[in-house]
Number of protein chains: 4
Amino acid sequence: MRKKDVPSLVKDPHLIDMRRAQIVKAAVQLFNEKGYHKATTRAVAEASGFSIGTLYEYIGSKEDILYLVCDSVYDEVISRWEELLDEKLTGRERLSQVIEAYFRVVNDLQDEVLVMYQESKSLSEEALRYVLEKELRMKRMFEQELTRAKKEGLVTLTEGEMSLAAHQILVAGHMWTFRRWAIQRDYSIEEYITYQLRQLFTGFGMKEISSS
Amino acid sequence: MRKKDVPSLVKDPHLIDMRRAQIVKAAVQLFNEKGYHKATTRAVAEASGFSIGTLYEYIGSKEDILYLVCDSVYDEVISRWEELLDEKLTGRERLSQVIEAYFRVVNDLQDEVLVMYQESKSLSEEALRYVLEKELRMKRMFEQELTRAKKEGLVTLTEGEMSLAAHQILVAGHMWTFRRWAIQRDYSIEEYITYQLRQLFTGFGMKEISSS
Amino acid sequence: MRKKDVPSLVKDPHLIDMRRAQIVKAAVQLFNEKGYHKATTRAVAEASGFSIGTLYEYIGSKEDILYLVCDSVYDEVISRWEELLDEKLTGRERLSQVIEAYFRVVNDLQDEVLVMYQESKSLSEEALRYVLEKELRMKRMFEQELTRAKKEGLVTLTEGEMSLAAHQILVAGHMWTFRRWAIQRDYSIEEYITYQLRQLFTGFGMKEISSS
Amino acid sequence: MRKKDVPSLVKDPHLIDMRRAQIVKAAVQLFNEKGYHKATTRAVAEASGFSIGTLYEYIGSKEDILYLVCDSVYDEVISRWEELLDEKLTGRERLSQVIEAYFRVVNDLQDEVLVMYQESKSLSEEALRYVLEKELRMKRMFEQELTRAKKEGLVTLTEGEMSLAAHQILVAGHMWTFRRWAIQRDYSIEEYITYQLRQLFTGFGMKEISSS
DNA sequence: TATGAATGAGTCTTCATTCAT
DNA sequence: GATGAATGAAGACTCATTCAT
């Protein structure tokens, strides 16, 4: 899966990075406020601090802005997440920490994650595939951790449920953003983490049933 | 929370209902394919089987279409759900069934639920509030069931976690639709239900820890 | 060579013909004044007597306007030309009349012919091919007349020169328009016809040389 | 008719000439490929081998490029033409040679002549006047030759037809370029010259009629 | 002199909405 | 009630031109 390339008329790579960072930052805010479709390229340019002409020196089309946002959000989430991880941990501590760290990053990058979550569907087939691939990469990371936990006898998930369980964790993170209208009014991120860890690990606390 | 009223130039209420049903059906399909913003009112009219002029006899603006969709999806979900419920059940069977029935309805109304899920953010403040209120009503239904289960000693959730747990169930249902690109390739709805019930009830199968 | 079809959102074919005639008329004038590229679609709409939105109900793109112009100019030229022809004539009279009639039509449709002449190169590959095919059809008509004249012993052109000679006549007609800045100041169409007939038939009046 | 002056920020006249020659060469190619309006100044700069900023050190506006092209094409045509002429010739040989030489130059400078022919109409009033003046100068050269031929009893053109006949020769040359899509497929320049000389001198080979 | 990033007026095109028939 | 032609505000994108370095 090759990175889709976003055309630029400007040659200086450093400048490109800088300007695109400005663009992404402005776009995240605007897309959050008004949504991708209602945010005009002109408004993005303005919010980025330059003219519409300059904006188009760094992108090829409006969709490229959305792509840059999604792409950079993933990179940012993953890199921040990895920073928080402690490779030496094992067992329950390790799994807890992996999940907790992820939740904390999602909380820190709430606006970014929400935009990516709600607007990525407006990407073109090709760009969407690339973005979803990144999502799957994250899923696989959780899957690995779950597999490791299973080896350690920590969890009782079957092989076939691993994938679903990994999705479950990811969605639990996103849920903090896309349900914030309901959840964040009543819970802090700390409470949310505590709850989700317990929920994910032991569910509603019901006793397992042998058959079923 | 008053139902937002959608203006119509036509008097006959029966006709209004009929036409609006056509509109919703066409719109769900179109919004699924292209998204709300890229679907034109012209296309909705055409897919509904009448002219653009006629479309506007039954709605006041494009947003009304989205509102009608969201509104009717909720009504449909709730009514189908209630049909499946067996009020006489109690205990674990009852909770299982409530959740399972919900998942089945979501599966049956996949396209509808997905559209509502992805596009409702494009509603106006007022309409959105109304729609979210319906979402909350569903949440409260699950909350009641959880409370009842708690009374029966079935679950160990604290009072404060009830709300979150109810959201968790709702999101688990939606997840089946908005993650279908990844999940439905690998799992059937039966498998999904089995997994989610176990996940919700007992988590990854880890032992509870006394202090937390 | 299929007629390229120009898309229209309007269904009534009669209305389409009417509006497109308005568009062509306005476009010819505008394109003459400012050229195809400098004439805006807005200006065409305005000169046509309706709004920009309405313009786009009858065409798919700006290029379609140019195509409609070129297409209709050819049709008009050919149909007017044929009206002037007298099939019963033969010999020198016939050839004279065919050419003269053509010149007269070109004179009557000066603006139209000039636009087509100067702007057709801006058509897309496909549309251009179609338009040039019409030009070739006219060329072939002249070629036939020349062949007939040769059979009657009227002209001494070789078989291989027929095509070139037909082009020569066509260009002589166009020349009246694209050189009008120089020629029409000094000559009337009558004088021009008299001159060209003599020029085409007998050249500068030099004696033929046996070997060339 | 003063030469329109093209402003330059650079002082060194030699450098100016050199750069402008580069510009003209690049522009001719680009204008041929895409037409004047679709060729961007950026593309011209690039094809010229320097930056857009540098381009504007040597011209004042895009139109100046077109003007430089037209101007230089005429100069080139005329100077090459004069090189080919043999002043000592007289009579039919002289006229033939003058025309033939002109055709050969046009053939050699096909792209240049075609661009000038098709795009000069996009020049401003003032620049166009200047360019057309050069065209008229060429016309007058032919006119002189025809007058001389008439004095020698070679041609039977009336005084009033001289001008038109001179235009005819010029257009016959241009025709080789702007009809190349049809003519150059079937004829070589040698064949074309042979044909045109005969056509211009003796027409289709019909007998003159006394009255007319 | 040379460069190329920045600018923003201008262009094509779309599409929700209206209203006369 | 139904139709669909007409409208024009608004939006994405281009490109000639400028100017600081």
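In what follows, every heavy atom counts, from backbone to side chain, and hydrogens, waters and symmetry copies are set aside. Residue numbers begin at 1 in each chain, while the letters A, B, ... track the order of the sequences. These numbers come from a predicted model, not from an experiment.
- At whole-Å resolution of the value, NZ in D/Lys62 and C1' in F/dT18 are 17 Å apart.
- An OP1 or OP2 oxygen of E/dA6 is reached within less than 4.0 angstrom by a side-chain nitrogen or oxygen of A/Arg19.
- For B/Glu57 and B/Ser8, the side-chain atoms include no donor-acceptor pair closer than 3.5 Å.
- For E/dA2, the OP1/OP2 oxygens have a side-chain nitrogen or oxygen of D/Tyr58 closer than 4.0 Å.
- Using a 30° and 60° split on the angle between ring planes, C/Tyr58 and C/Phe50 fall in the tilted class, from 30° to 60°.
- When the C1' atom of F/dT17 is taken as reference, atom CD of A/Glu57 falls 12 Å away, rounded to whole Å.
- Atom CD of A/Glu46 and atom C1' of E/dT7 are 14 Å apart (whole Å).
- Both D/Asp12 and B/Tyr36 lie near DNA chain E, and the one whose nearest nucleotide falls closer to the 5' end is D/Asp12.
- Considering only the side chain of C/Val10, F/dA5 comes nearest among F/dA5, E/dA2, E/dT7.
- Within the 4.0 angstrom heavy-atom criterion, only backbone atoms of the sugar-phosphate kind lie near C/Ala39; the bases stay farther away.
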With 3.5 Å as the limit, what N/O pairs link the protein to nucleotides 8-10 of chain F?
{"residue": "F/dG8", "atom": "N7", "partner": "C/Gly53", "partner atom": "N", "Å": "3.1"}

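- Nearest to the side chain of C/Tyr56, among F/dA5, E/dA5, E/dT14, sits E/dT14.
- To the nearest 0.5 Å, atoms OH (C/Tyr67) and NZ (C/Lys4) are separated by 7.0 Å.
- Relative to the six-membered ring of C/Phe31, C/Lys38 misses at least one condition, a distance below 6.0 Å or an angle of at most 45° to the axis.
- Residues D/Phe50 and B/Thr41 each lie close to DNA chain E; by heavy-atom proximity, the contact nearer the 5' end of the strand is made by D/Phe50.
- No salt bridge links B/Glu76 with B/Lys25; every basic N to acidic carboxylate O contact stays at or beyond 4.0 Å.
- Base pairing analysis places F/dA20 opposite E/dT3; the two distances defining the Watson-Crick or G-U wobble pair are each below 3.5 Å.
- The cationic group of C/Lys62 does not satisfy the cation-pi geometry with C/Tyr56, failing either the under 6.0 Å distance to the six-membered ring centre or the 45° limit from the ring axis.
- Taking 4.0 Å as the cut-off between side-chain N and carboxylate O, A/Lys134 and A/Asp75 count as a salt-bridged pair.
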